[in-house]
Trainee: 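Below is one structure. I have some questions about it.
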Amino acid sequence: MPDVKPARVRFAPSPTGSLHIGGARTALYNYLLARQTGGRFILRIEDTDQTRFVPGATEQVMAGLRWLGLQWDEGPDVGGPHGPYIQSQRADIHRAHAGQLVEAGAAYYCFCTKERLDALRREQQILKRQPRYDGHCRLVPPEEAKARQAAGEPCVVRFKVTEGAKTTVRDLLRGDITVDNASLDDFIILKSDGLSLYHLAAMVDDHLMGITHVIRGSEWLPSLPKHALLLRAFGWDEPAWVHLSVFLKPSGKGKLSKRESANLKAEEGHSVFVHDMQELGYMREAVLNWLALMGWSLDDKTDVLSLDEMIAGFSLDRLNPAPAAVNFDKLDHFNGLHIRGLPQAELARRLLPYFDGAGLKADEAALLRIVPIIQERIGTLDEAVDMAGFFFRPNVTPRREQLIPKGLDASSALAALLAARDRLAALPDLTHAATEAPMRALAEELKLKPGQLFGILRVALTGQPVSPPLFETIALLDRPVVFERIAAAEALLLGSEK
RNA sequence: GCCCCCAUCGUCUAGUGGACCAGGACGCGGCCCUUUCAAGGCCUAAACCGGAGUUCGAAUCUCCGUGGGGGCACCA
């Protein structure tokens with residue numbers, strides 16, 4: 001194992017929506033490192049901006065992680081030695097640390113109004129300069145600032161970025177990243193409402209929670225120097241920084257956006273949200289496998305991995321820093337692979353909710369009987385309902401034209417159907433072994449291709465042109481049902497020509 | 001506009017100076033199997049962004065372009 005020291009890592013989403021695949025992949029990598037090293041996986045909710053708070057989002061994120069099987073060791077609901085794990089409940093801690101920086105001269109109170117700041121920004125935009133704070137309140141004498149702050153004058157706390165210097169931070173995937181401090185402005189760490197901004201809150205909490213590795217999205221890369229500066233001002237050690245690449249749209253052109261992905265689910269049965277995955281018939285194993293391989297690889301050929309195998313084989317230095325376009329075809333492929341890899345009883349168990357959801361009275365025992373004939377022909381779990389729902393419906397409703405194979409007309413199809421019925425009726429048992437030979441012989445007698453005869457029966461018995469193999473299907477249907485459905489098809493073929 | 005990051009088949013990736021006329025996977029095309037649909041097997045097409053260096057030798061190192069992405073809030 002490359003990392004022998006137990007890692008303490010965190011997944012720190014803001015409660016602004018449901019868990020999406022980008023967040024899930026970040027959570028996964030954090031989880032893998034924690035499990036591999038015998039460390040701890042911490043869930044922390046970053047809700048310092050109440051204006052963006054979405055009710056229920058925290059629960060949705062937790063549900064998504066649980067569904068994926070990424071259970072956290074410390075978090076809002078399970079607690080832990082470094083709580084609370086909801087950032088808004090740590091406001092006092094953040095405020096005290098901001099005060100500490102002010103005392104140390106590393107930060108200062110800023111009384112600039114929104115109006116002044118807006119005007120400043122506009123001016124800078126017109127001059128085509130990078131918008132940044134001009135350091136106006138740096139000039140307020142500390143005693144005066146303290147007095148004004150104490151008197152209740154609205155103010156924020158800004159971090160004092162040393163001018164004329166450069167800041168270098170090491171990212172595990174990208175090496176040293178150096179920026180000119182001039183490109184950083186004196187950023188705000190505490191808002192006028194007394195709540196911390198992300199930069200301060202995250203660094204204080206990471207330190208207090210003993211975080212050893214910060215694995216997060218690359219959208220944080222530009223503010224990495226700020227975080228390092230903050231940590232250094234406190235005199236704290238830096239964690240190992242790992243900035244993951246973003247996910248791109250399937251076309252590879254542009255970032256995967258939630259808004260643009262809204263139609264995905266309805267239009268092509270895919271979704272960027274973990275909460276949709278189960279409904280769409282995906283298995284957690286497949287989603288995990290798919291996600292893991294977008295940005296990480298075990299070696300040059302392994303593509304099927306269980307969560308345990310990922311834990312065993314994960315390595316930070318096999319992470320890929322380049323952005324990855326998501327490929328839903330590949331998710332489908334993995335899903336099929338994992339479905340086929342499931343023990344039959346387990347697949348039956350997992351299929352049950354989909355039949356329930358479709359209002360079909362299936363049970364595990366019945367599903368277990370049909371699993372052998374559908375397991376290798378479904379790509380998603382919900383497809384089992386389309387494929388085998390007819391087993392659980394009282395009757396089927398074939399379309400008349402589907403009962404008539406290419407090259408035949410209604411009367412010859414009918415004749416074939418009735419002949420097949422008579423042969424089947426003569427058999428004591430409708431097992432696969434008993435039915436196939438007579439049906440093949442019949443086809444030959446009627447000068448039909450086997451597929452033509454079988455097609456008529458298939459549509460009559462299942463109501464659909466695509467189904468599990470015919471003789472296995474007949475064997476699983478109750479005998480009376482077979483003849484009822486044939487009779488119904490007969491009636492349909494006898495009916496009006498159009 | 002400024003700052004930062006990234007760059008191998010259409011896509012996900014392997015590749016850490018010679019073992020690469022670049023390997024695997026998805027997808028595509030073809031063949032086989034076949035009662036539909038799948039699954040499975042076999043095969044084909046398909047890439048080192050460009051240009052300068054460094055080196056006996058570069059997909060691998062450096063620089064410059066170009067392209068893509070991210071970021072520049074009292075958001076996270």
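Naming: A, B, ... by sequence-line order, numbering from 1 per chain. Since this is a predicted model, take the numbers as computed values, not measurements.
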Trainee: For the P atoms, the ones on A14(B) and on G53(B), what distance do you get once it is rounded to whole angstrom?
Mentor: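 The same atom, P, in both gives a distance of 30 Å.
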Trainee: Whether Arg170(A) and Glu238(A) form a salt bridge (side-chain N of Lys/Arg under 4.0 Å from carboxylate O of Asp/Glu) is what I want to check.
Mentor: no
Trainee: Which listed nucleotide (C75(B), G69(B), U36(B)) is nearest to the side chain of Lys255(A)?
Mentor: G69(B)
Trainee: Roughly, in whole Å, what's the span from CZ in Phe328(A) to P in A25(B)?
Mentor: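 Answer to the nearest Å: 23 Å.
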Trainee: Using atom C1' of each nucleotide, how far apart are G10(B) and U54(B) to the nearest Å?
Mentor: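 One C1' to the other, the span is 34 Å.
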Trainee: Contact class for Glu472(A) (heavy atom, under 4.0 Å): base, sugar-phosphate, or nothing?
Mentor: base
Trainee: Could you check whether Arg44(A) pairs with Asp206(A) (Lys NZ or Arg NE/NH1/NH2 to Asp/Glu carboxylate O, under 4.0 Å)?
Mentor: yes
Trainee: Rounded to the Å, how far apart are Arg216(A) CZ and C75(B) P?
Mentor: 18 Å
Trainee: What nucleic acid atoms does Cys112(A) come within less than 4.0 Å of, heavy atoms only: base, sugar-phosphate, or nothing?
Mentor: base
Trainee: From C-beta outward on Ser467(A), which listed nucleotide comes closest to its side chain: G27(B), A76(B), U36(B)?
Mentor: U36(B)
Trainee: What integer distance in Å separates Phe390(A):CZ from C37(B):P?
Mentor: 16 Å
Trainee: Sugar-phosphate atoms are those with a prime plus P, OP1 and OP2; base atoms are the rest. Using that split, label each nucleotide of nucleotides 5-17 of chain B B, S or - for protein heavy atoms under 4.0 Å, 5' to 3'.
Mentor: SSS---BBSSS--
Trainee: Where the side chain of Glu219(A) is defined as all heavy atoms beyond and including C-beta, which of C75(B), U35(B), A76(B) is the nearest nucleotide?
Mentor: A76(B)
Trainee: Measure NZ/Lys301(A) against P/A22(B) and give the value in whole Å, please.
Mentor: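 Checked: the NZ to P distance equals 16 Å.
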Trainee: If you look at every strand shown and take non-hydrogen atoms under 4.0 Å, does Phe187(A) touch a base, only sugar-phosphate, or nothing?
Mentor: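 The residue Phe187(A) makes no contact with any strand.
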Trainee: When the C1' atoms of A46(B) and G40(B) are considered, how many whole Å apart are they?
Mentor: 24 Å
Trainee: Using 30° and 60° as the class boundaries, would you call the ring planes of His227(A) and Tyr198(A) parallel, tilted or perpendicular?
Mentor: tilted
Trainee: Rounded to the nearest angstrom, tell me the gap between atom NE2 in His333(A) and atom C1' in G24(B).
Mentor: 12 Å
Trainee: What does U16(B) pair with, Watson-Crick or G-U, if both distances are under 3.5 Å?
Mentor: none
Trainee: To the nearest 0.5 Å, tell me how far Asp185(A) CG sits from Gln124(A) CD.
Mentor: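 Asp185(A) atom CG to Gln124(A) atom CD measures 8.5 Å (nearest 0.5 Å).
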Trainee: Say you pick atom P in U13(B) and the same atom in C72(B); how far apart are they, in whole Å?
Mentor: 25 Å
Trainee: Counting heavy atoms from C-beta on, name the nucleotide in U35(B), A38(B), C4(B) closest to the side chain of Val179(A).
Mentor: C4(B)
Trainee: Report the base-pairing partner of A59(B) (Watson-Crick or G-U wobble, both distances below 3.5 angstrom), or none.
Mentor: none
Trainee: Side chain of Lys191(A) only, please: which of C72(B), C37(B), A76(B) is the nearest?
Mentor: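 Output: A76(B).
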Trainee: Would you mind reporting whether Gln375(A) and Leu342(A) have side-chain heavy atoms less than 4.5 Å apart?
Mentor: yes
Trainee: Name the closest nucleotide to the Leu197(A) side chain, picking from C72(B), U36(B), A76(B).
Mentor: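 Closest of the options to the side chain of Leu197(A): A76(B).
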Trainee: Does Pro225(A) reach a base, just sugar-phosphate, or nothing at all? Heavy atoms under 4.0 Å.
Mentor: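 Here Pro225(A) touches no strand at all.
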Trainee: Given that both distances must come in under 3.5 Å, which nucleotide forms a Watson-Crick or G-U wobble pair with A38(B)?
Mentor: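 WC or wobble partner does not exist here.
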Trainee: What pair of heavy atoms forms the shortest contact from Arg377(A) to Glu383(A), and how long is it?
Mentor: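 Closest pair (atom of Arg377(A), atom of Glu383(A), distance): O-OE1, 4.4 Å.
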Trainee: So what does Arg340(A) touch, heavy atoms closer than 4.0 Å: a base, only the sugar-phosphate, or nothing?
Mentor: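 The residue Arg340(A) makes sugar-phosphate contact but no base contact.
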Trainee: Which part of the nucleic acid, if any, lies within contact of Thr48(A), taking any heavy atom under 4.0 Å across all strands shown: a base, the sugar-phosphate backbone alone, or nothing?
Mentor: sugar-phosphate
Trainee: Quick check for you: among A38(B), G24(B), U35(B), whose closest atom lies nearest to any side-chain atom of Glu376(A)?
Mentor: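 Within the option list, the nearest is A38(B).
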Trainee: Nearest whole angstrom, please: distance from the P of A38(B) to the CD1 of Ile373(A).
Mentor: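 Rounding to the nearest Å, CD1 of Ile373(A) and P of A38(B) are 16 Å apart.
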Trainee: Mind checking Val156(A) for me? I need base, sugar-phosphate or nothing, with any heavy atom below 4.0 Å counting as a touch.
Mentor: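 Base: the residue Val156(A), judged by heavy atoms under 4.0 Å, touches a nucleobase.
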Trainee: Answer yes when Glu46(A) and Arg52(A) have at least one side-chain N-carboxylate O distance shorter than 4.0 Å, and no when they do not.
Mentor: no
Trainee: Nearest of G71(B), C37(B), U35(B) to any side-chain atom of Pro222(A)?
Mentor: G71(B)
Trainee: Hey, which sits more toward the 5' end of RNA chain B by its nearest nucleotide, His432(A) or Ser183(A)?
Mentor: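 So the residue in question is Ser183(A).
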Trainee: For nucleotides U60(B) and C3(B), find the distance between their C1' atoms and express it as a whole number of Å.
Mentor: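 Pairwise C1' distance, U60(B) against C3(B), rounds to 28 Å.
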Trainee: Name the pairing partner of U11(B), where a pair is Watson-Crick or G-U wobble with both distances under 3.5 Å, or state none.
Mentor: A25(B)
Trainee: Paired with C49(B): which nucleotide, if any, by Watson-Crick or G-U wobble criteria at under 3.5 Å for both distances?
Mentor: G65(B)
Trainee: Separation of Glu115(A) atom CD from C74(B) atom P, in whole Å?
Mentor: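 After rounding, the gap between these two atoms is 13 Å.
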Trainee: Taking the C1' atom of each, how far is C48(B) from A73(B), in whole Å?
Mentor: 41 Å
Trainee: Any donor-acceptor pair, under 3.5 Å, between the side chain of Ser192(A) and the base of C74(B), if you only look at N and O atoms?
Mentor: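 Answer is yes: a donor-acceptor pair is held.
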Trainee: Any salt bridge linking Lys226(A) with Asp186(A)? Criterion: basic side-chain nitrogen under 4.0 Å from a carboxylate oxygen.
Mentor: no
Trainee: Could you work out, with salt bridge (Lys or Arg N to Asp or Glu O under 4.0 Å) as the rule, every residue matching Asp299(A), not counting sequence neighbours?
Mentor: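 Partners of Asp299(A) by the salt bridge (Lys or Arg N to Asp or Glu O under 4.0 Å) criterion come out as none, since no residue qualifies.
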Trainee: Please report the distance separating the C1' of A52(B) from the corresponding atom of C42(B), rounded so that it comes out in whole Å.
Mentor: 45 Å
Trainee: Using Watson-Crick or G-U wobble geometry with both distances under 3.5 Å, which nucleotide pairs with U44(B)?
Mentor: none
Trainee: Looking at SG of Cys112(A) and CG of Leu120(A), how far apart are the two atoms once the value is rounded to the nearest 0.5 Å?
Mentor: 8.0 Å
Trainee: Find which nucleotide of RNA chain B each of Asp303(A) and Asp193(A) is nearest to by heavy atoms, and output the residue with the more 5' nucleotide.
Mentor: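 Nearest nucleotide further toward 5': that of Asp303(A).
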Trainee: Could you state the CD1-P distance from Ile189(A) to A76(B), rounded to the nearest angstrom?
Mentor: 13 Å
Trainee: Please state the C1' separation for the pair G1(B) and U55(B) - nearest whole angstrom.
Mentor: 40 Å
Trainee: Is a salt bridge present between Glu444(A) and Arg440(A), judged by a nitrogen-to-oxygen distance below 4.0 Å?
Mentor: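 Result for this pair is no, no salt bridge flagged.
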